[in-house]
Amino acid sequence: MTAIAIQAPQLRITARGRRALAIVVAAPVLALAALGALQSTVATAGQEASTVAHETIVVQPGETLWSIASAVAPDVDPREVIADIQRINAIGGAIQPGQQLAIPAEYTR
């Protein structure tokens, strides 16, 4: 038997391959940079939100957002007050007795 020598082909990267490789390497770097910028924006927004003037109330048994909104701002449409209370407190559903709610200062004056 005669041994056959198999020679591996030499690989060369083309211009198209270099571009593809650059994109594959750059994509995660750009994604991490964008994520870092987003996190700093969220942190800044959170700091700004905490400086908004408000008063805090404790939800009593039987109270609803509608009853609270009607009590703190009787001359304003309760839907607007409820939307502001939900936005400030980051709530999207029901409230519970004993829960503390921030009420915007514009309604407590």
Side-chain angles (χ1 to χ4, degrees):
M1 270 204 190
T2 309
I4 300 174
I6 299 177
Q7 197 174 19
Q10 291 186 359
L11 297 177
R12 288 186 294 151
I13 190 164
T14 63
R16 182 176 175 186
R18 283 191 293 272
R19 284 193 300 267
L21 183 60
I23 289 171
V24 168
V25 171
V29 173
L30 293 175
L32 288 174
L35 183 62
L38 178 64
Q39 287 176 340
S40 68
T41 302
V42 170
T44 303
Q47 291 170 354
E48 291 172 2
S50 65
T51 61
V52 174
H54 65 273
E55 290 196 22
T56 304
I57 65 163
V58 177
V59 178
Q60 300 301 314
E63 283 188 318
T64 63
L65 283 174
W66 190 274
S67 65
I68 292 170
S70 298
V72 298
D75 298 333
V76 181
D77 183 1
R79 291 172 292 200
E80 293 177 21
V81 181
I82 290 170
D84 287 342
I85 292 172
Q86 288 177 323
R87 180 182 47 79
I88 288 177
N89 294 284
I91 55 175
I95 55 174
Q96 302 296 322
Q99 181 177 355
Q100 292 187 353
L101 293 178
I103 306 296
E106 63 189 80
Y107 300 124
T108 58
R109 292 179 186 154

How far apart are the closest heavy atoms of [X] and [Y], and which atoms are they?
X	Y	value
I85	A102	CG2-O, 4.2 Å
S70	P78	OG-CG, 3.9 Å
L65	I82	O-CG1, 3.7 Å

> So how far is it from L35 CG to L30 CG, rounded to the nearest 0.5 Å?
Replying inline: 12.5 Å
> If you measure from CG on N89 to NE2 on H54, what distance do you get to the nearest 0.5 Å?
Replying inline: 8.0 Å
> Does I57 have any side-chain contact (heavy atoms from CB on, under 4.5 Å) partners at least two apart in sequence or in another chain, and if so, which?
Replying inline: I68, L101, I103
> Mind checking what makes side-chain contact (heavy atoms from CB on, under 4.5 Å) contact with D77, not counting sequence neighbours?
Replying inline: R79, E80
> Are L21 and V29 connected, step by step, through hydrophobic side chains (Ile, Leu, Val, Met, Phe, Trp, Tyr) whose heavy atoms are closer than 4.5 Å?
Replying inline: no
> So do I91 and Q99 actually touch side chain to side chain, heavy atoms under 4.5 Å?
Replying inline: yes
>> Please check: side-chain N/O of Q60 versus main-chain N/O of V58, any donor-acceptor pairing under 3.5 Å?
In response: yes
